[in-house]
> 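Sending over a structure as structure tokens; questions will come in a sec.
Sequence lines set the chain letters: A, B, ... in the order given, protein chains first and strands last, and positions in each chain run from 1.
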Amino acid sequence: MTKQRPLSSETSHTPAEKLLAWYDRHHRVLPWRVTPDDYRQGVRPDPYRIWLSEVMLQQTTVEAVKAYFLKFTGLWPTVQALADATEDDVLRGWAGLGYYSRARNLKKCADMIAMQYDGQFPQSVDGLKQLPGIGDYTSAAIAAIAFDIPAAVVDGNVERVVSRLFAIKTVMPQAKVEIRKFTEQLTPQNRPGDFAQAMMDLGATICTPKKPACILCPLNDNCAALSEGEPELYPVKAPKKARPVRYGAAFIIVSPQGEVYLRKRADKGLLAGMSEVPNSDWIAANECATPEHIMQLTSAERAPFAAQWLPSGSITHIFTHFELRLSVYKADVTSIPPSNNGWWVAQQNLGEEALPTVMKKAIGAALPDTFK
DNA sequence: AAACCGGGGAC
DNA sequence: GTCCCAGGTTT
């Protein structure tokens, strides 16, 4: 009696089994990742490195994270080492990566693990989710990848893959509930960590937002969106709102020794706890704003004190929810009026400060050789 | 549910 | 220019 064979490429393998077989051949090699072969040899991921990578990867591309991950693990190889660092150390290390509350929560979390958890990460989704900076996605990702717990790991890649597999018509973010349910249904008991990473690799390399490579996809037989003919229509998203423009002025203050004057931003709100050059408030102007009004918003009259302010160009910087246009002014001074509680930094040492990109742009406009 | 919170790369 | 990236927190 011969065994019945399927007529098409459709087999009895589950989507998870097909995806894991694809992952064994096509997985990305990343600095924080244990390869499937190494995992079979008994190698296990370091929960500290998985946590660190997952926080860095929140809304941030793999390519951008690599260098920061290597820098952080070099400076702070363990969660205890990170707990022993200062918050300013961590913010300086994070400068340029964005979403700086991640760095502040990272430090808080390291302190908690060191002080209250005996240096060990909780080995459950619920336990992990109690920690600062660890939400639905990151708790599931650490549980799955570091501890091989069959948690449903749903990031932007998985949302795209699953919404296409099942041709989910519900608009985002309302569709997240359905997507989670389907992801739980897909997640296997065997190799859940590799399954989560495989879903993300599939979304990053095959099931891409535009022009997905469906011909190469191990799940193309299972994909309802491909059957419909336009997989790139998923996930369905609502139109986005326009980004308002804010205006202001930044002031590069230079000492006789060529140092630049910096100060520290408030510990809440935009760029919290980071360093800055003195600058005005950033005011939104609607489309009806007159050129005179914008001139006023970007004027040297908004400086923290009177000086010979030299117009030194302007910069534009895009934040998540507004666009910022700053006029930049420079002045050489011999002293700073009191109540400007900042500090002086030699120009060649500015790279070691916790300067967000917008501030590096402003300094670069007035002092072009600073960040070469 | 919506707003807030960076920066950069691909197109 | 647009989109979106291994999202979390706050309101």
Side-chain angles (χ1 to χ4, degrees), chain A residues 27-28 30-33 45 49-69 91 94-106 108-109 128-146 151-161 171-177 183 193-205 207-211 232 235 237-244 246 265-274 276 315-324 354-361:
Chain A
H27 62 85
R28 292 178 290 177
L30 302 171
W32 46 86
R33 180 175 275 183
R49 293 165 62 89
I50 299 303
W51 163 68
L52 177 62
S53 68
E54 290 302 340
V55 174
M56 287 184 166
L57 286 161
Q58 290 166 3
Q59 292 293 289
T60 308
T61 57
V62 165
E63 282 310 309
V65 165
K66 283 179 180 173
Y68 283 87
F69 178 82
L91 285 177
W94 202 273
L97 197 55
Y99 284 143
Y100 298 98
S101 66
R102 292 186 295 174
R104 298 159 64 82
N105 285 329
L106 190 82
K108 282 185 199 168
C109 184
L128 288 161
K129 204 175 163 183
Q130 303 296 321
L131 295 163
I134 298 182
D136 287 334
Y137 163 75
T138 306
S139 57
I142 297 172
I145 297 169
V153 180
V154 183
D155 74 326
N157 290 304
V158 175
E159 285 176 355
R160 186 168 57 254
V161 171
V171 66
M172 294 290 290
Q174 194 181 333
K176 285 173 179 283
V177 178
T183 305
D194 279 350
F195 174 78
Q197 296 180 91
M199 288 285 277
M200 295 189 272
D201 281 16
L202 189 71
T205 64
C207 194
T208 50
K210 298 167 188 171
K211 297 185 179 178
E232 64 275 15
K237 297 195 173 180
K240 299 195 172 178
K241 296 179 179 178
R243 199 192 316 268
R246 297 184 194 177
R265 292 178 61 85
D267 59 7
K268 289 188 177 180
L270 189 73
L271 306 173
M274 300 295 284
E276 66 177 6
I315 61 145
T316 294
H317 188 76
I318 308 295
F319 291 99
T320 305
H321 54 293
F322 67 91
E323 174 180 332
L324 178 64
L355 286 168
T357 298
V358 62
M359 293 299 157
K360 291 185 177 179
K361 284 185 185 175

> Ignoring the backbone of K241(A), work out which of dA3(B), dC5(B), dA6(C) is nearest its side chain.
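The answer is dA3(B), which lies nearest to the side chain.
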
> By the 4.0 Å heavy-atom rule, please label S53(A) as base, sugar-phosphate, or nothing.
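No contact.
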
> Looking only at the side chains, is there a donor atom on one of Y137(A) and Q58(A) sitting less than 3.5 Å from an acceptor on the other?
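Side-chain D/A pair, Y137(A) to Q58(A): absent.
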
> OP1 or OP2 of dG7(B) sitting under 4.0 Å from any side-chain N/O of H317(A)?
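Checking H317(A) against dG7(B): at least one side-chain N or O falls below 4.0 Å of OP1 or OP2.
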
> Counting the atoms with a prime plus P, OP1 and OP2 as sugar-phosphate, which does R28(A) contact under 4.0 Å by heavy atoms, base, sugar-phosphate, or nothing?
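Base contact - R28(A) has a heavy atom under 4.0 Å of at least one base atom.
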
> What's the closest nucleotide to the side chain of L270(A) if the choices are dG6(B), dA6(C), dC3(C)?
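Looking only at heavy atoms from C-beta outward on L270(A), the closest nucleotide is dG6(B).
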
> State which of dG6(B), dA6(C), dC3(C) makes the closest approach to the side chain of K210(A).
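When the side chain of K210(A) is considered, dC3(C) is the closest of dG6(B), dA6(C), dC3(C).
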
> Looking at dC4(C), I'd like to know if its phosphate oxygens (OP1 or OP2) sit under 4.0 Å from a side-chain N or O belonging to K240(A).
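So the side-chain polar atoms of K240(A) do come within 4.0 Å of the phosphate oxygens OP1 or OP2 of dC4(C), strictly under.
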
> Using the C1' atom in both, what is the distance from dC5(B) to dC5(C), to the nearest Å?
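One C1' to the other, the span is 15 Å.
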
> From CG of L131(A) over to C1' of dG7(C), roughly how many Å is that when rounded to an integer?
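Going from CG in L131(A) over to C1' in dG7(C) covers 16 Å.
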
> Rounding to a whole Å, what distance do you find between L106(A):CG and dG7(C):C1'?
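Computing the L106(A):CG to dG7(C):C1' distance gives 14 Å.
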
> Rounded to whole angstroms, how far apart are CG on L324(A) and C1' on dG7(B)?
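The distance from CG of L324(A) to C1' of dG7(B) comes to 14 Å, rounded to the nearest Å.
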
> Taking the side chain as every heavy atom from C-beta outward, state whether L97(A) and M56(A) have any atom pair closer than 4.5 Å.
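SC-SC contact between L97(A) and M56(A) confirmed.
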
> So if I take every side-chain heavy atom of Q58(A) and compare against dA6(C), dC4(C), dG8(C), which nucleotide ends up nearest?
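Minimum distance to the Q58(A) side chain belongs to dG8(C).
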
> Under 4.0 Å between a side-chain N/O of Q59(A) and OP1 or OP2 of dC5(C), yes or no?
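The answer is no; no side-chain N or O of Q59(A) sits under 4.0 Å from OP1 or OP2.
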
> Does R160(A) have a side-chain nitrogen or oxygen under 4.0 Å from the phosphate oxygens OP1 or OP2 of dC5(C)?
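Yes, such a contact exists.
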
> If we take the P atom in both dG6(B) and dT10(C), what is their distance in whole Å?
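14 Å, rounded to whole Å.
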
> Examine dC5(B): is either OP1 or OP2 under 4.0 Å from a nitrogen or oxygen in the side chain of S101(A)? Give yes or no.
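Negative; the distance criterion is not met.
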
> Would you indicate, yes or no, if dA3(B) has its OP1 or OP2 atom less than 4.0 angstrom from a side-chain nitrogen or oxygen of H321(A)?
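No.
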
> Would you check if there is a donor-acceptor pair between the side chains of Q197(A) and R33(A) at a distance under 3.5 Å?
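Side chains of R33(A) and Q197(A): pair found under 3.5 Å.
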
> If the P atom of dG8(C) is compared with that of dG8(B), how far apart are they to the nearest Å?
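Between the two P atoms, the distance is 22 Å.
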
> Rounded off to whole Å, could you give me the CG-to-C1' distance for the L271(A) and dG6(B) pair?
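Atom-to-atom, L271(A) to dG6(B), this comes out as 8 Å.
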
> Please find out if less than 6.0 Å separates the ring center of F319(A) from that of H317(A).
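Ring centroids of F319(A) and H317(A) are less than 6.0 Å from each other.
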
> Closer than 4.0 Å, any side-chain N/O of K268(A) to the OP1 or OP2 of dC5(B)?
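So the side-chain polar atoms of K268(A) never come under 4.0 Å of the phosphate oxygens OP1 or OP2 of dC5(B).
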
> Has the side chain of T60(A) got a donor or acceptor atom sitting under 3.5 Å from an opposite partner on the base of dG7(B)?
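A donor-acceptor contact between them is absent.
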
> Under 4.0 Å between a side-chain N or O of Y99(A) and OP1 or OP2 of dT9(C)?
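So the side-chain polar atoms of Y99(A) never come under 4.0 Å of the phosphate oxygens OP1 or OP2 of dT9(C).
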
> Flag yes if more than 12 heavy atoms outside E232(A) fall under 6.0 Å of its CD atom; otherwise flag no.
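For E232(A), atom CD is crowded (more than 12 foreign heavy atoms under 6.0 Å).
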
> I would like to know whether R265(A) and E276(A) meet salt bridge (Lys or Arg N to Asp or Glu O under 4.0 Å); could you show each step before the answer?
CA-CA 7 Å; R265(A) 292 178 61 85; E276(A) 66 177 6; 2.8 Å; yes

> Select one nucleotide: of dG8(C), dC3(C), dA6(C), the one nearest the side-chain heavy atoms of N157(A).
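Closest nucleotide to the N157(A) side chain: dA6(C).
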
> Does a nitrogen or oxygen in the side chain of T320(A) sit under 4.0 Å from OP1 or OP2 of dG7(B)?
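For dG7(B), OP1/OP2 do not have a side-chain N/O of T320(A) under 4.0 Å.
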
